[in-house]
Engineer: 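Can you keep this structure in mind? I'll have questions shortly.
Protein chains get the first letters and strands the later ones, always in sequence-line order, with residue 1 at the start of each. Keep in mind it's a predicted model, so treat the numbers as computed, not measured.
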Amino acid sequence: MSGRTVAGGTPGPVAAAIARTGTDGDDAVTVSGGAGGTRACLEALAAGSARVAGIAERVAAAAERARRASDAVAATAELAPTSARHAHADVRALLDGPQGLPAQAEALAELAASLRGAAEVYARADLDVAALWRPASIALGGMLGDLGERTGLLPAAGLLGFLGITCIGQVALEARILRYAPSPVGAGLRWLGNDEHRADPGLLGVLARMVGGPSLWPTTELPSPAVLESMLPAIAALVLGAAPGPFAWPEDPVAQAAGVLAVLARAAGMLTGTALTGLAVVPLLPAKAKGGRTSSDRPAPRDVADVLRQVDATYDDPEGAVAVQRIDREDGSRAWVVAIPGTQDGGLGGPVPTDMLTNLELVAGLPDDRSETVVRAMKAAGVQPGEPVLLAGHSQGGMAAMRVAAAVDGTLSIAGVVTAGSPVGSMDLPPDVPALHLEHAQDYVWALDGRPNPDLPHRTTVTRDLRATLDIGPVPARDLGILLTRPHDVADYVVTAELLRGRDDRSLAVFADQVSAVLGDAPATTTTALYLGVRVPDVTSSS
Amino acid sequence: MTLDEAVRACRAAEREIEAARAELAAVGDLAWTGEAARLFDDARSRHLRALDGLRVAAGHAVGAVLSHHVEVARAIGCGG
């Protein structure tokens, strides 16, 4: 049931059984949310409980009618005893015994209560510690921020922390050198850093990995992205609290902090050079694509993995490009696939909109040039209302896809959204638009919004632990960059999508059906057009 | 309640049972698996079988009460 462990119990056999069943994750892939997710289950259980309760009332009403008919027969039994005996027996057959109407009504009412109890078991399972941690951490961060502004405690704490880390690093380095010394100290250090101790998950393991292992550098593992995700609201609240004025207790401090940074970046662009406040979206001629590839040679995708492969291909296109593929089927129907790559520029407000400024604006919920590029590209390509569109994006592209799906709701028919490694937990999506969010457990990017993806009936999140298949275990500290970048690789997200094919999971099966309805399996002609978004000065619109 | 009303009550009970059965059969996929789902499906199957039997029994009851109604009418000289 969506990789959740449920606990507790309420009256009723169904609820008790729910309390005993738990996770279904038997490998490196975990699925949550979606049509088979907890909330969907809650809604289905609540609806089922209400319906069964209604059925119980119907049966109870039938029992009451039969009872009154029985009384009427009994009252006239003296006038026609033989027929009364038969009638009485037939009516009592409706009322007596475990198969009678009253007993059935009672059993159905118990079944309804049991379903309701099962829903409550799930609801309790959702009230986990993480839900309580978020507001507490925001409050703590905000308070510390306010405190730091007045007392200078935070800079002092930061300095102490830096000195502490430096000292620890120095001690660790000295220990790693001394362990080679033919002395009792060296022998002790070699014993401390042996293989067995380094595998220890506790404090002993931390010390052992610091002084033991190959090479001069200690090996290390980064904390889980989930830890970063849970800490980010507190860090953002701390930053906001440290700003002049009292802490304002924002609902989403990460979005607010990103908004502040985005506004500052825009302001800095205006002060330091020509402000690129306009956006030009132009079709990209096939000859301009890198590698000599034309824009119309991309095969028709058949599933999510194929769609993500198209997203991967857009990284070979010029920076800022969006691929809009038209699928014309033999029956005359038409569908669209829009592939959106992620961040391609580390700047803030330069000509290429796939930059860090767009990331800040997307996280902050502010208008951004990337989403605008996609919307204009779709219109320029000829997407018509009623024609299903599948939006897919990697990293920033996934955020843009979510933003576009919400922006064109009611005008264009977004049939699905696929995101890979995108921080979209804070982004809303119309309830009639299904979404599949792919995340790698070691990828930090999806955690940067500081909020887990909501487990909604129309939003399915797949988390894959890459340690099962990729060699990304502890590495020398100098190679930490590998741990930061490799799990975010779009090619690995394609592999993750391939792993989902034919998987026995209701949420995935429902989403796969929805994607198939868009892509179809009949022969089709595809035409892919590339559109380039470029920030320009003083241009309000262009396509 | 008169016997005429009793006949109508039995017919109404028959319709209620039929409606309840159809409603129970239509309770959709509750999107779960495992032991809880099996327990629910078992309970629903039992109730559906019971309601099938009750629907037939209600039909018999309608006929039997109607026959009694006719006999009583004859007894009091109102029928023939």
Engineer: What part of L51(B) is in contact with chain A, defined as an atom under 4.5 angstrom from a non-hydrogen atom: side chain, backbone, both or neither?
Structural biologist: side chain

Engineer: Against chain A, work out which of A43(B), C10(B), A58(B) has the most heavy-atom pairs shorter than 4.5 Å and name it.
Structural biologist: A58(B)

Engineer: Q514(A): what forms a side chain to side chain donor-acceptor pair (under 3.5 Å) with it, not counting sequence neighbours?
Structural biologist: none

Engineer: Taking every heavy-atom pair that is under 4.5 Å apart, which of V510(A), L94(A), V91(A) has the most such pairs with chain B?
Structural biologist: L94(A)

Engineer: Picking from T30(A), T419(A), N453(A), what satisfies side chain to side chain donor-acceptor pair (under 3.5 Å) with E439(A)?
Structural biologist: N453(A)

Engineer: For each of P98(A), A61(A), A87(A), A66(A), tally heavy-atom pairs with chain B at distances under 4.5 Å, and name the one with the top tally.
Structural biologist: A87(A)

Engineer: With a 4.5 Å cut-off on heavy-atom pairs, point out which of R49(B), E14(B), H47(B), H60(B) contacts chain A the most.
Structural biologist: H47(B)

Engineer: Salt bridge between R21(B) and E18(B), side-chain N to carboxylate O under 4.0 Å?
Structural biologist: no

Engineer: Just checking D96(A): does its CG atom have more than 12 heavy atoms from other residues, nucleotides or ligands closer to it than 6.0 angstrom?
Structural biologist: yes

Engineer: Could you tell me which of G63(B), G53(B), A61(B) has the largest number of non-hydrogen atom pairs under 4.5 Å with chain A?
Structural biologist: A61(B)

Engineer: Sequence neighbours left out, cut at 3.5 Å: what donor-acceptor pairs do the side chains of residues 71-86 of chain A make with other protein atoms?
Structural biologist:
{"from": "T76(A)", "atom 1": "OG1", "to": "A72(A)", "atom 2": "O", "distance (Å)": "3.1"}
{"from": "T76(A)", "atom 1": "OG1", "to": "V73(A)", "atom 2": "O", "distance (Å)": "3.1"}
{"from": "T76(A)", "atom 1": "OG1", "to": "H68(B)", "atom 2": "NE2", "distance (Å)": "2.8"}
{"from": "S83(A)", "atom 1": "OG", "to": "A80(A)", "atom 2": "O", "distance (Å)": "3.2"}
{"from": "S83(A)", "atom 1": "OG", "to": "H68(B)", "atom 2": "ND1", "distance (Å)": "2.7"}

